[in-house]
A.B. asks: 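Pasting a structure below so you can have a look.
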Amino acid sequence: MRLSQLFSTTLRQEPSEAEISSHSLLLRAGFIRQLGAGIFSYLPLARRGMNRIENIMREEINAIGGQELTMPVVHPADIWQETGRWSQIGDEMARFQDRTGHQMVLAMTHEEVVTDLARREIHSYRQLPQLIYHIQTKFRDDPRPRAGLIRVREFTMLDSYSLDRDWEGLDHQYQSHYDAYFRIFNRCGLPVRAVGSDTGMMGGKEAHEYMYLTPVGEDTLLFCDSCDYAANRQVAAFGKLTPPDEKPAPLEKVATPNVSTIADLADFLGIPASRTAKAVFFAAEKSGQGKPLLIFAVLQGDMALNETKLVNAIGASGSGSITTLRPALEDEIRAVGASPGYASPIGIQRDNVLVIVDDLLPHSPNLVAGANQEGYHLRNTNLGRDYQPDMIADIALAEDGSPCPHCDGRLQALRGVEVGNIFKLGTRYTSALGATFLDEDGEAQPIIMGSYGIGVGRLLACVAEEYHDEHGLIWPITVAPFPVHLMLLPSKDGSAEKAAEALYTALIEAGIEPLYDDRDERAGVKFNDADLIGLPLRVTVAARSLENGGFEFKRRDRDNRWIVPVESAIEVIKTELDQCHQEMLQRFNL
RNA sequence: CGGGGUGUAGCGCAGACGGCUAGCGCGCCGCGUUUGGGACGCGGAGGUCGGCGGUUCAAGUCCGCCCACCCCGACCA
């Protein structure tokens, strides 16, 4: 490709909307352009990089038995209604009507369509297992796109789906993906960690996320410093310190004027926060019901609430499908007889209230809790004696420094970007859509499903985030849009032009397509653009290099330059590119 | 959805007290000089000042409404 003809230009100045390196550099180097919030065009350089990523994905998924197909981006609403997600998912799903007035949706994921295909095609255990995948555009109307390609609304994902006759089969395919996904990321040069995660809107049993650790990430992960425990903060368990073993003491009302926070309370009474009980309120809107359910969560005063755990606990309790959880209004709290700032479950009305206490509370005696009266607290409240919970569950948020749930270590909090995820869906969708097969005994069984996804653009952005310096991008050989940046610096006698053109042709004939900077620009401009675009190997053809005995070679990720004789240029380029590959394999033990 | 911010040429920005043909740097086009780390000279092109409405003799500038984008939060993969 001749740079003079390439459909994009580099920008000298940093675009004002870019806050993080990958966004800024991908814009400046001419890889992407933004059309709207979270909506981008991928110009030829980005497209080529993404093609290479997608081909790595195809190789790895094919290697574990995947078959590529393509499923539609526009779906009729009824399959989403069949699984219940039509009403479960909110504004994040883009909906519209076609000309005949039928409700349609833009695909935000493809479980429904896969399951529909499965129920049409799969009838016998003899047809299982299956693994199908596609690389397709999705749209999620995210309330807040940000950080360039890291969090967008329209995006392309590799999406694979496993279909099995039993749970052992799912376990096997899940494990295959677990490993294949590591290979995909590593072949792209991206170091990732797998962590246990929430299943969120996907539903199902077990799930892992692949996290690229970076301060620009918006997920918080917790890693044990001495064992291999790792989890997204949303689901992270932790070892709760055992409270003192005291006998329950009599309840005692104590005046606490203007003391409405845990910190003030502990201060005022001269006790640690861990000796207090904290109340947190949410209103749960139930589908198809008018009056929201008040969620009254109680945990030890030194701990923060984990909303994801709370939602999952409520879901597990079977108390109806909760569509949304929002902070309760003050009136809603007062309506049950609780007093904000001085609240406890003691003595409140219990109809249409769900009291959920953290699983540490049964072991934490004599806590100071609210008296449900402005300006007063109660000493020595005890679960069981003074109030009964509707449910006991782990609803506390793990923090940096929390004890590991599995060993004596401490959890460390780090930021990360989720670049992929894998879910054991089980029969969540196949049961809903009636995707069954007949087993050997002629009995209908629901197909057991798994789903696995990687965002292509987000992966590209993370690679850019990982590999760059103050001059520009530094692409790993495996995802670079071109392997070689061939640079011509014009000469008076035309010798450099002649040599560069010859090398350009010879490289293409050798199956190596370079990006050929044939522009009539100053050397400084060309060198700076080469650094910005960041191709792995730069080959400069100039009068000076020819006088010195050939072409000047430089790797983008190294500082040194050296001269290679004209006649061995192709061979050395091949060697260098191969060397880049080898270094990559070594770094990731591939 | 809440809070904050920004919309003036392709990019980065000035102009805001209402007042002449709306500027600057970079980029772009032409000619010449220059040619290994973002050259120089001369000459050009390019703007419904985010949109609509209002006030006024006069609006980029004042007022109202709306829209878009960015950041923080809520939310989310």
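Convention: sequence-line order gives letters A, B, ...; per-chain numbering from 1.
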A.B. asks: With a 3.5 Å cut-off and sequence neighbours excluded, list the donor-acceptor pairs that the side chains of residues 536-547 of chain A form with protein atoms.
C.D. replies:
residue  : atom : partner  : partner atom : Å
A:Ser545 : OG   : A:Ala542 : N            : 3.0
A:Ser545 : OG   : A:Ala542 : O            : 2.9
A:Ser545 : OG   : A:Gly550 : O            : 2.8

A.B. asks: So if I take every side-chain heavy atom of A:Glu19 and compare against B:rG36, B:rA77, B:rC71, which nucleotide ends up nearest?
C.D. replies: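 When the side chain of A:Glu19 is considered, B:rC71 is the closest of B:rG36, B:rA77, B:rC71.
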A.B. asks: Is it the case that the base of B:rG37 and the side chain of A:Arg538 share a donor-acceptor contact (distance under 3.5 Å, atom types as modelled)?
C.D. replies: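 Donor-acceptor pair under 3.5 Å: yes.
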A.B. asks: May I ask you to verify whether the side chain of A:Arg151 and the base of B:rC75 hold a donor-acceptor pair under 3.5 Å?
C.D. replies: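 Answer is yes: a donor-acceptor pair is held.
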A.B. asks: Distance check, C1' atoms only: B:rA58 and B:rA22, in whole angstrom units.
C.D. replies: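 To the nearest whole Å, 16 Å.
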A.B. asks: What residues in residues 552-569 of chain A put a non-hydrogen atom under 4.0 Å from any atom of RNA chain B?
C.D. replies: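 The stretch gives A:Glu552, A:Arg561 as the residues lying under 4.0 Å from the strand, ordered by number.
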A.B. asks: Rounding to an integer number of angstrom, what distance separates B:rG38 and B:rA74 when you compare their C1' atoms?
C.D. replies: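 Pairwise C1' distance, B:rG38 against B:rA74, rounds to 44 Å.
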A.B. asks: Taking the side chain as everything from C-beta on, heavy atoms only, tell me whether A:Ser160 gets closer than 4.5 Å to A:Tyr181.
C.D. replies: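 Heavy-atom side-chain distance check passes, below 4.5 Å.
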A.B. asks: Could you give me the CA-CA distance, side-chain angles and deciding distance for A:Glu465 and A:Thr214, then say whether side chain to side chain donor-acceptor pair (under 3.5 Å) is met?
C.D. replies: CA-CA 8 Å; A:Glu465 200 63 41; A:Thr214 164; 5.0 Å; no
A.B. asks: Say we look at B:rG15 and B:rG53: how far apart would their P atoms be, to the nearest angstrom?
C.D. replies: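 Their P atoms lie roughly 28 Å apart.
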A.B. asks: NA contact type, A:Arg28, heavy-atom cut-off 4.0 Å: base, sugar-phosphate, or nothing?
C.D. replies: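 Base contact.
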A.B. asks: Whom does B:rG46 pair with, Watson-Crick or G-U wobble, provided both distances fall under 3.5 Å?
C.D. replies: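 Pairing partner, where one exists within any strand: none, as none qualifies.
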A.B. asks: Taking atom P in both B:rA14 and B:rU6, compute the distance separating them and give it to the nearest angstrom.
C.D. replies: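 After rounding to an integer number of Å, I get 10 Å for this pair.
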A.B. asks: Less than 3.5 Å apart, any donor N or O on the side chain of A:Arg183 or A:Asn186 sitting next to an acceptor on the other?
C.D. replies: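 Side-chain D/A pair, A:Arg183 to A:Asn186: absent.
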A.B. asks: If you measure from the P atom in B:rG19 to the same atom in B:rC49, how many Å do you get, rounded?
C.D. replies: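 Pairwise P distance, B:rG19 against B:rC49, rounds to 15 Å.
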A.B. asks: With P as the reference atom in both, quote the distance from B:rG64 to B:rG5 in angstrom, rounded to an integer.
C.D. replies: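 My reading of the P atoms in B:rG64 and B:rG5 gives 15 Å.
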A.B. asks: Report yes or no: is there a donor-acceptor pair, N or O only, under 3.5 Å between the side chain of A:Arg458 and the base of B:rA77?
C.D. replies: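 When only heavy-atom distances are counted, A:Arg458 does reach the base of B:rA77 through a donor-acceptor pair under 3.5 Å.
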A.B. asks: Taking the same atom, P, in B:rC1 and in B:rG10, what whole-Å distance lies between them?
C.D. replies: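 Looking at atom P only, B:rC1 and B:rG10 are 31 Å apart.
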A.B. asks: Say you pick atom C1' in B:rA68 and the same atom in B:rC62; how far apart are they, in whole Å?
C.D. replies: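 Straight-line distance between the two C1' atoms is 23 Å.
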A.B. asks: Quick one: what's the B/S/- string for nucleotides 22-27 of chain B, heavy-atom cutoff under 4.0 Å, read 5' to 3'?
C.D. replies: ---BSS
A.B. asks: Kindly assign one of parallel, tilted or perpendicular to the pair A:Phe553 and A:Trp562, based on the angle between their ring planes and the thresholds 30° and 60°.
C.D. replies: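 Geometry flag for A:Trp562 against A:Phe553: tilted rings.
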